[in-house]
Q: 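Before anything else, here's the structure in question.
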Amino acid sequence: MAAGGMGTHQEIPWCFSQVKGTIEDEVADADIISTVEFSDDGEFLATGDKGGRVVVFQRDGTRGPGKPSVSSPPVFRCDYNVYSTFQSHEQEFDYLKSLEIEEKINQICWVKQSGMSLFLLTTNDKVIKLWKITERCRRFQNLNTVTDEGHLRDSNSITSLRVPRKVDDDLSIEAMPRRVFSNAHTYHINSISVNSDDCTYLSADDLRVNIWHLETTEQSFNIVDIKPANMEELTEVITASQFHPVNCNEFIYSSSKGTVRLCDMREKALCDDHAKLFEEQEDPSSRSFFSEIIASISDVKFSRNGRYILSRDYFTVKLWDVNMESRPVEVYPVHDYLRSRLCSLYENDSIFDKFECGFNGDDSKIITGTYNNFFRIFDRQSGDNYTYEASRDMNTLGQILRNKKIVSGQKKRRDEVSVENLDYGRKILHPVWHPRDNILAIAATNNLYLFHEAQP
């Protein structure tokens, strides 16, 4: 069931703003974007890729030819420019287990800003790092042991004591790893989430959830452990996890069985027994070979106010009220036209794709991705839904996106797309909505598309 109508709501006129990355047919695997995340205020946007690199973009602060001033009228800004690029993780090898650890960035999580510096957590399959990004616009001159060009002085040439002094210099951005959190996960890390107390964060792998203090790298505490004594009895794995945005004692995690569990750390230190279980009972008559695969939840998110939980399985986005466990209050089909093609989706491994989902700033709209570089937007109040394409053909600033319609037969109109012509190799796995404004960041293979609401 989709949301019922609550008044008339018009479609947001989305227009093309930017595309980052090269438009090429052949894309190196290391260049594929694997995660996208806005900062809490939306002024920064970070992406991670399979090559272990992190790129941080800053929202453009210019207004026309000059910089903004107090007297300037407010102008909607939607351009993001590269602020910092750094190598977060390198490929490693676990000699004890004879396993190669990929450098791919699985997730990025922003940490509350301290002073003028930015902080963010990045993780690959095994290691989590806390990065500090700082602006430097001054440097030291007249040093005793180093020349102004940065070379070491010959100790024999030092005959008198110099007084170092600071001088103005070109602005430079430095990214430094402040802490490295490792050796706590046996299985692949799929989620990290900073707590609302801004002091702790959780990390989840296939079978365990750990909690860390941001200041302590030597120790973490296991708060969920679903590993059975006999691994042959393993029936489900953890797929995603997140802290509650307000209550620092609550968190959720989803599983491959299609369930979402809410845990309360006030009840006990080890949260193997959940406080609430959100699960929709399956109709036994509709079970098939693919039932468990398509029921697996690939992403789970709290709404920004903490009242709702959003989960994404292969075919649907479901909205749960934290006060009602028996069934979701809203269900939105994403690509039901593919239900008759499960065999081919299984054969080409598309059925295992992990699509993410999210809310807009006031939790009234939902965004998620699908194939053919399409992304879906659902309006919770009107029940309307829209399909847009992050197209390579977009090259005109301000070009308005047209709502697409997927049809089973041959297309008859310009905005129709036949199911037969969908490209499963082009897919939107990581769409995110700006926390305050109507700005979308859509990762499509090696490209990052930015769209914004057309301004009057």
Q: Would Phe251 and Asp264 satisfy side-chain contact (heavy atoms from CB on, under 4.5 Å), going step by step from the backbone distance to the final call?
A: CA-CA 7 Å; Phe251 67 94; Asp264 191 338; over 6 Å; no
Q: Kindly write out the residues that satisfy salt bridge (charged side-chain N to carboxylate O under 4.0 Å, His left out) with Glu325, not counting sequence neighbours, or none if the list is empty.
A: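 Once residues adjacent in sequence are excluded, Glu325 has no partner under the salt bridge (charged side-chain N to carboxylate O under 4.0 Å, His left out) criterion.
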Q: Run His213 and Thr200 through side-chain hydrogen bond (donor to acceptor under 3.5 Å, both in side chains) and show every step you take.
A: CA-CA 4 Å; His213 195 284; Thr200 56; over 6 Å; no
Q: Does CD in Glu102 sit with more than 12 non-hydrogen atoms of other residues, nucleotides or ligands closer than 6.0 Å?
A: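 No, because the 6.0 Å sphere around CD of Glu102 holds 12 heavy atoms or fewer from other groups.
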Q: Do His89 side-chain atoms and Arg53 backbone N/O form a donor-acceptor pair below 3.5 Å?
A: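 Such a contact is absent between His89 side chain and Arg53 backbone.
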Q: When you check the gap from the basic side-chain N to the acidic O, do Asp31 and Lys50 get nearer than 4.0 Å?
A: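 Salt bridge: no.
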Q: Sub-3.5 Å donor-acceptor pair from the side chain of Arg59 to the main-chain atoms of Asp79, do we have one?
A: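 Not a single qualifying donor-acceptor pair exists.
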Q: With Phe451, which of Tyr388, Tyr80, Phe375, Trp14 fulfils ring pair (Phe, Tyr, Trp, His ring centres under 6.0 Å)?
A: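 For Phe451, the ring pair (Phe, Tyr, Trp, His ring centres under 6.0 Å) test succeeds with only one of Tyr388, Tyr80, Phe375, Trp14, which is Phe375.
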Q: Under 3.5 Å, side chain of Asp41 to main-chain N/O of Glu43, donor-acceptor pair present?
A: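 Yes, because the side chain of Asp41 sits within donor-acceptor range (under 3.5 Å) of the backbone of Glu43.
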Q: Under the ring-ring contact (aromatic ring centres under 6.0 Å, His included) rule, what pairs show up with a residue in residues 224-249, not counting sequence neighbours?
A: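 Sorted result for residues 224-249: His244-Phe302.
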Q: Excluding sequence neighbours, so at least two apart, what forms salt bridge (charged side-chain N to carboxylate O under 4.0 Å, His left out) with Lys129?
A: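 Residues passing salt bridge (charged side-chain N to carboxylate O under 4.0 Å, His left out) with Lys129: none at all.
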Q: Return the set of residues passing salt bridge (charged side-chain N to carboxylate O under 4.0 Å, His left out) with Lys268 (not counting sequence neighbours), or none when no residue passes.
A: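 Residues passing salt bridge (charged side-chain N to carboxylate O under 4.0 Å, His left out) with Lys268: Asp273.
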Q: Is it true that atom CD of Gln113 has more than 12 heavy atoms of other residues, nucleotides or ligands lying nearer than 6.0 Å?
A: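 Counting neighbours around CD of Gln113, more than 12 heavy atoms of other residues, nucleotides or ligands fall under 6.0 Å, so yes.
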Q: Applying salt bridge (charged side-chain N to carboxylate O under 4.0 Å, His left out), can you list everything that pairs with Arg261, at least two apart in sequence or on another chain?
A: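 For Arg261, the residues satisfying salt bridge (charged side-chain N to carboxylate O under 4.0 Å, His left out) (neighbours in sequence not counted) are Glu236.
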Q: Not counting sequence neighbours, which residues clear side-chain contact (heavy atoms from CB on, under 4.5 Å) with Asn360? List them please.
A: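 For Asn360 the side-chain contact (heavy atoms from CB on, under 4.5 Å) partners, ignoring immediate neighbours, are Asp362, Ser364, Lys365, Trp433.
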Q: Mind jotting down which residue pairs meet the salt bridge (charged side-chain N to carboxylate O under 4.0 Å, His left out) criterion with at least one end in residues 203-215? Sequence neighbours excluded, please.
A: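 Output for this query lists Arg179-Glu215, Arg208-Asp225.
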Q: Between Thr316 (side chain only) and Pro333 (backbone N and O only), is there a donor and an acceptor less than 3.5 Å apart?
A: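 Between the backbone of Pro333 and the side chain of Thr316 there is no qualifying donor-acceptor contact (under 3.5 Å).
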Q: Which atom pair, heavy atoms only, marks the closest approach of Ser241 to Ser191?
A: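 Distance-wise, the nearest heavy atoms are N-OG, 3.1 Å.
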Q: Could you state the interatomic distance from CZ (Phe16) to CG (Leu397), rounded to the nearest 0.5 Å?
A: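 These two atoms lie 7.5 Å from each other.
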Q: Closest heavy-atom contact between Val322 and Gly306?
A: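 Here Val322 and Gly306 meet closest at CG1-O, 3.8 Å.
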Q: Please determine if Arg436 forms a cation-pi arrangement with Phe38, meaning its NZ or CZ atom is less than 6.0 Å from the six-membered ring centre and no more than 45° off the ring axis.
A: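 Pair Arg436/Phe38 does not count as cation-pi.
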Q: Measure the shortest side-chain to side-chain distance between Leu338 and Tyr371 over non-hydrogen atoms and say whether it is less than 4.5 angstrom.
A: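 Leu338 reaches Tyr371 side chain to side chain.
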Q: Are Glu356 and Ser298 side-chain neighbours, meaning at least one heavy-atom pair lies under 4.5 Å?
A: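 Result no, sub-4.5 Å side-chain heavy-atom pair not found.
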Q: What residues, two or more places apart in sequence or in another chain, satisfy side chain to side chain donor-acceptor pair (under 3.5 Å) together with Glu100?
A: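 For Glu100, the residues satisfying side chain to side chain donor-acceptor pair (under 3.5 Å) (neighbours in sequence not counted) are Gln91.
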Q: Quick one, Tyr449 with Asn373, criterion side-chain hydrogen bond (donor to acceptor under 3.5 Å, both in side chains). Give me CA distance, side-chain angles, the key distance, then yes/no.
A: CA-CA 11 Å; Tyr449 290 86; Asn373 271 15; 4.8 Å; no
Q: Are Leu45 and Val36 close enough, and set up right, to give a side-chain contact (heavy atoms from CB on, under 4.5 Å), and what steps lead you there?
A: CA-CA 7 Å; Leu45 173 65; Val36 184; 3.6 Å; yes
Q: Applying ring-ring contact (aromatic ring centres under 6.0 Å, His included), can you list everything that pairs with Phe57, at least two apart in sequence or on another chain?
A: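 Phe57 satisfies ring-ring contact (aromatic ring centres under 6.0 Å, His included) with no residue once adjacent residues are dropped.
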Q: Counting distance only, does the side-chain N/O of Asn195 pair as donor-acceptor with the main-chain N or O of Asp198 below 3.5 Å?
A: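 Such a contact is absent between Asn195 side chain and Asp198 backbone.
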Q: What pairs with Ser296 under side chain to side chain donor-acceptor pair (under 3.5 Å), at least two apart in sequence or on another chain?
A: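 Testing Ser296 for side chain to side chain donor-acceptor pair (under 3.5 Å), a comparison that skips the adjacent residues, returns none.
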Q: Going through the distances and angles, do Ile105 and Ser88 end up as a side-chain contact (heavy atoms from CB on, under 4.5 Å)?
A: CA-CA 8 Å; Ile105 307 298; Ser88 175; 3.9 Å; yes
Q: Taking the ring centre of each residue, are Tyr314 and His335 less than 6.0 Å apart?
A: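 Under 6.0 Å, so yes.
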Q: Would you kindly check if the NZ (Lys) or CZ (Arg) of Arg339 is within the cone defined by 45 degrees around the ring axis of Phe315 and under 6.0 Å from the six-membered ring centre?
A: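 Here Arg339 passes the 6.0 Å and 45° test against Phe315.
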Q: Distance-only, no hydrogens or angles: does the Ser350 side chain make a donor-acceptor pair with backbone N or O of Leu345 under 3.5 Å?
A: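 No.
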Q: If you look at every heavy atom in Trp320 and Ser311, which pair is closest and at what distance?
A: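 Looking at all heavy atoms of both residues, the closest pair is NE1-OG, 3.2 Å.
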Q: Report yes or no: does Asp349 contribute a side-chain atom to a donor-acceptor pair with the main-chain N or O of Phe352 at less than 3.5 Å?
A: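 No, because the side chain of Asp349 does not come within donor-acceptor range (under 3.5 Å) of the backbone of Phe352.
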Q: Please report the shortest heavy-atom distance between Thr239 and Ser256, naming the atom on each side.
A: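 For Thr239 versus Ser256, the nearest heavy atoms are CG2-N, 3.7 Å.
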Q: Any ion pair linking Asp299 and Arg312 (charged N to carboxylate O, less than 4.0 Å)?
A: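 No, Arg312 and Asp299 are not salt-bridged.
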Q: Is Arg307 salt-bridged to Asp321, cutoff N-O under 4.0 Å?
A: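 Yes, this pair counts.
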Q: Checking Met231 now: which residues fulfil side-chain contact (heavy atoms from CB on, under 4.5 Å) with it, not counting sequence neighbours?
A: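 side-chain contact (heavy atoms from CB on, under 4.5 Å) list for Met231, sorted by chain: Tyr187, Leu207, Lys227, Pro228, Leu234.
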Q: Would Trp212 and Ser203 count as a side-chain contact (heavy atoms from CB on, under 4.5 Å) if you check the C-alpha gap in whole Å, the side-chain angles of each, and the deciding distance to 0.1 Å?
A: CA-CA 8 Å; Trp212 303 78; Ser203 58; 2.8 Å; yes
Q: With heavy-atom distances below 4.5 Å as the criterion, would you say the side chains of Val54 and Ile108 are in contact?
A: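 Yes - at least one pair of side-chain heavy atoms lies under 4.5 Å apart.
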Q: When you check the gap from the basic side-chain N to the acidic O, do Lys318 and Glu330 get nearer than 4.0 Å?
A: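 Salt bridge absent between Lys318 and Glu330.
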Q: Please check if the side chain of His185 supplies one atom and the backbone of Asp125 the other of a donor-acceptor pair under 3.5 Å.
A: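 No, His185 side chain to Asp125 backbone: no donor-acceptor pair under 3.5 Å.
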Q: Taking all non-hydrogen atoms of both residues into account, name the closest pair between Tyr424 and Arg341 and its distance.
A: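 The answer is OH-CD, 3.8 Å.
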Q: Drop me the distance from Leu130's CG to Leu121's CG, to the nearest 0.5 angstrom.
A: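 Answer for the CG-CG pair, Leu130 versus Leu121, is 5.5 Å.
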Q: Could you state the interatomic distance from CD1 (Ile226) to CG (Asp272), rounded to the nearest 0.5 Å?
A: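 Taking CD1 in Ile226 and CG in Asp272, the distance rounds to 9.0 Å.
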Q: Hey, does the side chain of Asn372 reach the backbone of Phe374 with a donor-acceptor pair shorter than 3.5 angstrom?
A: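 No, Asn372 side chain to Phe374 backbone: no donor-acceptor pair under 3.5 Å.
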Q: What residues, two or more places apart in sequence or in another chain, satisfy ring-ring contact (aromatic ring centres under 6.0 Å, His included) together with Phe44?
A: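 In terms of ring-ring contact (aromatic ring centres under 6.0 Å, His included), with neighbours along the sequence ignored, Phe44 is linked to Tyr83.
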Q: In terms of heavy-atom contacts, does CG of Asn183 have more than 12 from other residues, nucleotides or ligands at under 6.0 Å?
A: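 No, because the 6.0 Å sphere around CG of Asn183 holds 12 heavy atoms or fewer from other groups.
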Q: Is there a donor-acceptor pair under 3.5 Å between the side chain of Asn106 and the backbone N or O of Ile189?
A: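 Yes, Asn106 side chain to Ile189 backbone: donor-acceptor pair under 3.5 Å.
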Q: How close do Thr134 and Ser117 get, counting heavy atoms only, and between which atoms?
A: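 In this case the closest contact between Thr134 and Ser117 is OG1-OG, 3.3 Å.
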